[in-house]
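Notes follow the structure.
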Amino acid sequence: MSEPKNQQATLSSDAAEVRAQKLAILREKIGDVYPAHFHRTMTNAELAEKYEGLEPDTETADEVTVAGRVYSSRNSGMFIDLRDASGKIQIFSHKDTTPEEARELLPLIDLGDIIGVTGKVRRTKRGELTINAETITMLTKSLLPMPEKWHGVSDIELRYRKRHLDIMTNEESKLRFLQRSKILSGVRRFMEGEGFLEVETPMLQTIYGGATADPFKTFHNTLKMDMYLRIAPELYLKRTLVSGLSDKVFEVNRNFRNEGVSTRHNPEFTMMECYWAYADYEDIMGLVERMLETLALSLYGTTEVAFGDKVLNFKGPFKRVAMPDAVKEATGIDFLAIKTDEEARAAAKAAGFEVEKDWTWGECLAFIFEEKVEGTLIQPSHVTHFPKDISPFAKEVPGEPRLVERFESYCNAWEIANAFSELNDPEEQRRRMVEQLEQAHARGEKDKQLDDEFLDAIDQGMPPAGGLGVGIDRLIMLLTNAPSIRDVILFPARRNKVD
RNA sequence: GAGAGCGUAGCUCAGCCGGUAGAGCAACUGACUUUUAAUCAGUAGGUCAUGGGUUCGAAUCCCAUCGCUCUCACCA
C-alpha cells in the first residue's frame, strides 16, 4: 500500500494495551522496571548440569539467582517457565515459601516479560528442576504479546521480518543459527589449523573485480568519487599474497552482488576465500575435502549429513570428473575432439541444445555441463578442467590450452566451491583481463574498469598459488538441512514494508 | 523480469459451490491450586492485505495495487 498506516494501530490491540497498563502499575509499585544492574549466579543450563543428579521430591538449601524470559505460566503464575539462551528452569511461587511482596508481582507478569528470580533449588516430585521464588525482580516488561506457544511463528514472512520472534519460538530456527556460528568458527579454526592467516581486505572498492557480477554502487562524499561494494575479495587477497605477509591467507566476509534474489541467492552473502602459495588446484581439492569433513564431524560426529530426503556424505576423497569427460558421458559429445567454436555450436545444436550464435567452444561446453550434468551431482564431487574462456584467473592445463586448472565442488547440485591454480603470468593475466573488460563493456557494463593496481602487483611477481572460494551460506544450508538461504541468514534482504 | 499460488483475531488455522465471520492459544473476569500445551466457567477481540467492479447481497466471483512464497530467467 502507498499510504503508511498509523504505527499506533499495532499497539492499540487489547493485549498490548493491557501490558502498557501493567507497566504503568509496575512503575508506580516498584519504580524501575528496566533496571541496569542484575547479576545471576548461573545460567539455566549450568543449573541443570549442576543439579542433574538431584532426585525427584528433594529440596536443597542452595540459593541461586537466575534470569530469563517468561515462556509459560501455569496455575495462575504458581509455576512459571523461565528461559534464558541456555535453557529452561521452572519457578515456583507459593504462599508457604514465597513472600507476599514477590507474589504480588505475579498478576503483573505476562508471557514474554524478562524477570530475575532468587530462591532455593529443588526437584519436584514430577522430576522438574525448580526454584522456590523468594524474590522476583522485574527486568524488562514486554509490551507485545508472545506468538502462539505451541506452533510458534510459522508465517514465513513474519519469520524473516521479525527474526527475534522466529528464534524466540522456533527451536529449529534457533538451533540452525547456533550451528551457523559453529560452522563459521569451525571454518576459521580449520583454516588456521592448516596454517592460513586471516586478513581483511576492502569491502568498499574503487574498482570492483574478481568475479562477473553487477555491483552495488555508492559515493564517497569527501573523496568525491564513486565506490563499489565488493563482488569478491580476490584481487586484494592476491595482492596480499604478493606482499609475502603470509604464504597462506584467507578471508571470511561478505560479498555483495546486485542481482536476483532466490532461495539460493541473497544480495549480500558470506564467502571464504583463500590463497595458498606453492600449491596448485589439486592441493586445494584436498583442502576442501578436509574442511568439509571436519565441519560435518564437528557438528554431527559423522560425515553423513541429512538433507531433505537425501543423505550427503562428506567423507573425502570426493569423486572427481573432468568437465569434458562428464559432458561426453552424459551426451556422447566429445568436446576434446571438436576443434572450432563453429563445430562446437553445431554439435550442441545437433544434440538439441539452444546455443547463441556467438558462443565459443568453452561456452558451449559449460552450457551443456550446466544443463545435463550439474543437476546430477548430489554427493560432494569436484568437477575439473573448465574451459579457459570462462576462467580469467586460472592457469592452462599443460597440453590442452583450451582448458584450465580449475575445479568447482558440487553438492546437492549446487556449486559450493570454486578453485584454480592461480594465473600469475603478468602478461597473460593482463591479456585476459583486457579481454574480460571488453566483453563487459560490450554487455553495457560501463562502470567496469581495468584494475591497474592489481596488475601492477602481479607484475611485481605473485608466487604460484592455489586459490579457493567457498560460498559459506550454501555450505551452511547443506550442513543444517535448510531449504532456503534465508533460513541461514539472520536478517535476509527484504523489501521495505510499512505496516 | 515472466508464470503460478497465498494474504481471515496478537499467534496457529477453519470458512471460499455468493446469504453478512468461527475454533485453539494469548488477553480479560472468576473458580481451583504441586503444574508440565494445567483445568473449569464466562467475557472481549476482525474495514476478511488495499482500492475498484459484478450482484438485492462479496471473506467467497472479476480487475488493479502492495507484500510474501515457489518455479523459471539473471546469477553462484
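Keep in mind that the numbers below use all heavy atoms, side chains included, and drop hydrogens, waters and symmetry copies. Throughout, a chain's letter reflects where its sequence line sits, starting with A, and its residues are numbered from 1. Here the structure is a predicted model, which is why all the values come from computation and not from measurement.
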message: Taking the P atom in each of B:A44 and B:A38, what is the distance between them to the nearest angstrom?
response: 25 Å
message: For A:S72 and A:R74, which I'm curious about, is there any donor-acceptor pair between the side chains at under 3.5 Å?
response: yes
field: Minimum-distance nucleotide to A:P145 side chain [options: B:U34, B:A26, B:A38]
entry: B:A26
field: Inter-nucleotide C1' distance (B:U60, B:G7), Å rounded
entry: 14 Å
- prompt: So what does A:Y410 hit on the nucleic acid, given a heavy-atom distance under 4.0 Å: a base, only sugar-phosphate, or nothing?
  reply: base
- prompt: Any donor-acceptor pair under 3.5 Å joining the side chain of A:H265 to the base of B:C75?
  reply: yes
query: Below 4.0 angstrom, N of the basic side chain to O of the carboxylate: do A:R123 and A:E128 qualify?
result: no
Between the protein and nucleotides 68-73 of chain B, are there any N/O to N/O pairs under 3.5 Å, and if so, what are the atom names and distances?
| from | atom 1 | to | atom 2 | distance (Å) |
| --- | --- | --- | --- | --- |
| B:C68 | OP1 | A:R161 | NH2 | 3.3 |
| B:C68 | OP1 | A:R495 | N | 3.2 |
| B:C68 | OP2 | A:R495 | NH1 | 2.6 |
| B:C68 | O4' | A:E157 | OE1 | 3.3 |
| B:C68 | O3' | A:R494 | NH1 | 3.0 |
| B:U69 | OP1 | A:R486 | NH1 | 3.2 |
| B:U69 | OP1 | A:R494 | NH1 | 2.8 |
| B:U69 | OP1 | A:R494 | NH2 | 2.9 |
| B:C70 | OP2 | A:R486 | NH1 | 3.1 |

message: Would you measure the distance from the P atom in B:G53 across to the matching atom in B:A73 and give it in whole Å?
response: 41 Å
query: Excluding sequence neighbours, so at least two apart, what forms ring pair (Phe, Tyr, Trp, His ring centres under 6.0 Å) with A:F190?
result: none
statement: Closest to the side chain of A:E128, out of B:U36, B:C75, B:U12, is B:U36
field: N/O donor-acceptor pair, side chain A:T212 with base B:C75, under 3.5 angstrom
entry: no
- request: Using a strict 4.0 Å threshold on nitrogen-to-oxygen distance, state whether A:R230 and A:E251 make a salt bridge.
  value: yes
field: Separation of the C1' atoms in B:U34 and B:U29, to the nearest angstrom
entry: 25 Å
message: I'd like to know if A:E59 pairs up with A:K120 as an ion pair, taking the criterion as any Lys NZ or Arg NE/NH1/NH2 lying under 4.0 Å from an Asp or Glu carboxylate oxygen.
response: no
task: Please list, chain by chain and in numerical order, all residues satisfying salt bridge (Lys or Arg N to Asp or Glu O under 4.0 Å) with A:K448, sequence neighbours excluded.
output: none
task: State the pairing partner of B:A38; accept Watson-Crick or G-U wobble contacts with both distances under 3.5 Å, and report none otherwise.
output: none
Distances under 3.5 Å between protein N/O atoms and the N/O atoms of nucleotides 13-15 of chain B, please, pair by pair.
| from | atom 1 | to | atom 2 | distance (Å) |
| --- | --- | --- | --- | --- |
| B:C13 | OP1 | A:S154 | OG | 3.3 |

- request: For A:F79 and B:U33, give me the distance from atom CZ to atom C1', rounded to whole Å.
  value: 8 Å
task: Taking atom P in both B:G42 and B:G24, compute the distance separating them and give it to the nearest angstrom.
output: 11 Å
message: Going by the rule salt bridge (Lys or Arg N to Asp or Glu O under 4.0 Å), which residues pair with A:D226 if we only count those two or more places apart in sequence or in a different chain?
response: A:K217
query: Can we call the ring centroids of A:Y275 and A:F393 under 6.0 Å apart?
result: no
Integer angstrom distance from the P of B:C74 to that of B:C16: 42 Å
- prompt: For B:A64, which nucleotide is its Watson-Crick or G-U wobble mate, given both distances must be under 3.5 Å?
  reply: B:U50
- line: A:F79 meets the ring pair (Phe, Tyr, Trp, His ring centres under 6.0 Å) criterion, sequence neighbours left out, with A:F92
message: My understanding is that a pair needs two contacts under 3.5 Å, Watson-Crick or G-U wobble. By that rule, which nucleotide pairs with B:C25?
response: B:G10
- prompt: Ion pair present between A:E268 and A:R254, side-chain N to carboxylate O less than 4.0 angstrom?
  reply: yes
- prompt: B:A59 pairs with which nucleotide, Watson-Crick or G-U wobble, both distances below 3.5 Å?
  reply: none
query: Does B:C17 pair with anything, Watson-Crick or G-U wobble, both distances under 3.5 Å, and if so, with which nucleotide?
result: none
- prompt: Under a 3.5 Å cut-off for both distances, is B:U69 Watson-Crick or wobble paired, and to whom?
  reply: B:A4
message: Check for me whether A:R83 meets the cation-pi criterion with A:Y71, that is, NZ or CZ under 6.0 Å from the six-membered ring centre and within 45 degrees of the ring axis.
response: yes
task: Would you jot down, in residue-number order, the residues of residues 96-113 of chain A having a non-hydrogen atom under 4.0 Å from RNA chain B?
output: A:L111
query: Looking across every strand, which nucleic acid part, if any, lies under 4.0 Å from A:K22 by heavy atom: base, sugar-phosphate, or nothing?
result: sugar-phosphate
- line: Residue set satisfying ring pair (Phe, Tyr, Trp, His ring centres under 6.0 Å) with A:F314, at least two apart, ordered chain then number -> none
Electrostatic pair A:R103-A:E100, nearest N-O below 4.0 angstrom: yes
Quick test: give all pairs of protein nitrogen or oxygen and nucleotides 21-23 of chain B nitrogen or oxygen below 3.5 Å, distance rounded to 0.1 Å.
none

- prompt: If you measure from the Lys or Arg side-chain nitrogens to the Asp or Glu carboxylate oxygens, is any gap between A:K29 and A:E104 under 4.0 Å?
  reply: yes
- prompt: Are A:R402 and A:D389 within salt-bridge range, i.e. N to O under 4.0 Å?
  reply: no
- prompt: Looking only at atom C1', what distance separates B:A49 and B:A9, rounded to whole Å?
  reply: 15 Å
query: How is A:G469 classified with respect to the nucleic acid when contacts are heavy atoms under 4.0 Å: base, sugar-phosphate, or nothing?
result: nothing
query: Does anything in residues 84-95 of chain A reach RNA chain B, meaning a heavy atom under 4.0 Å, and if so which residues?
result: A:Q90, A:F92
query: Given the P atoms of B:G46 and B:A21, what is the spacing between them in whole Å?
result: 13 Å
query: Within this structure, what is the CH2-to-P distance between A:W150 and B:A26, rounded to whole angstrom?
result: 13 Å
message: Check the phosphate of B:U36 against A:K149, side-chain N and O only, distance under 4.0 Å to OP1 or OP2. Yes or no?
response: no
message: Suppose we screen for ring pair (Phe, Tyr, Trp, His ring centres under 6.0 Å). Which residues come up paired with A:F307, at least two apart in sequence or across chains?
response: A:W414
- prompt: By salt bridge (Lys or Arg N to Asp or Glu O under 4.0 Å), which residues pair with A:D473, not counting sequence neighbours?
  reply: A:R180
- prompt: Going by atom types only, do A:S86 and A:N44 share a side-chain donor-acceptor pair under 3.5 Å?
  reply: no
query: When all nucleic acid strands are considered with a 4.0 Å heavy-atom cut-off, which category describes A:M146: base, sugar-phosphate, or nothing?
result: nothing
- request: Return yes if a side-chain donor-acceptor contact under 3.5 Å exists between A:D166 and A:S173, otherwise no.
  value: yes
- prompt: Heavy atoms under 4.0 Å, any strand shown: does A:E370 hit a base, just sugar-phosphate, or nothing?
  reply: nothing
Rounded distance (Å) that lies between atom P of B:C11 and atom CG of A:N170: 14 Å
field: First of A:P147 and A:R474 reached from the 5' end of RNA chain B, by closest nucleotide
entry: A:P147
- prompt: Start at the 5' end of RNA chain B and walk down; is the nucleotide closest to A:S73 or to A:E259 reached first?
  reply: A:S73
query: Just how far, in rounded Å, is C1' of B:G30 from CG of A:N75?
result: 15 Å
message: Is it the case that the side chains of A:E289 and A:H382 hold a donor-acceptor pair, with the cut-off being a distance below 3.5 Å and no angle test?
response: yes
- prompt: Quick one: A:F269 CZ to B:C74 P, roughly how many Å, whole number?
  reply: 17 Å
task: For A:E148 and B:A9, give me the distance from atom CD to atom P, rounded to whole Å.
output: 14 Å
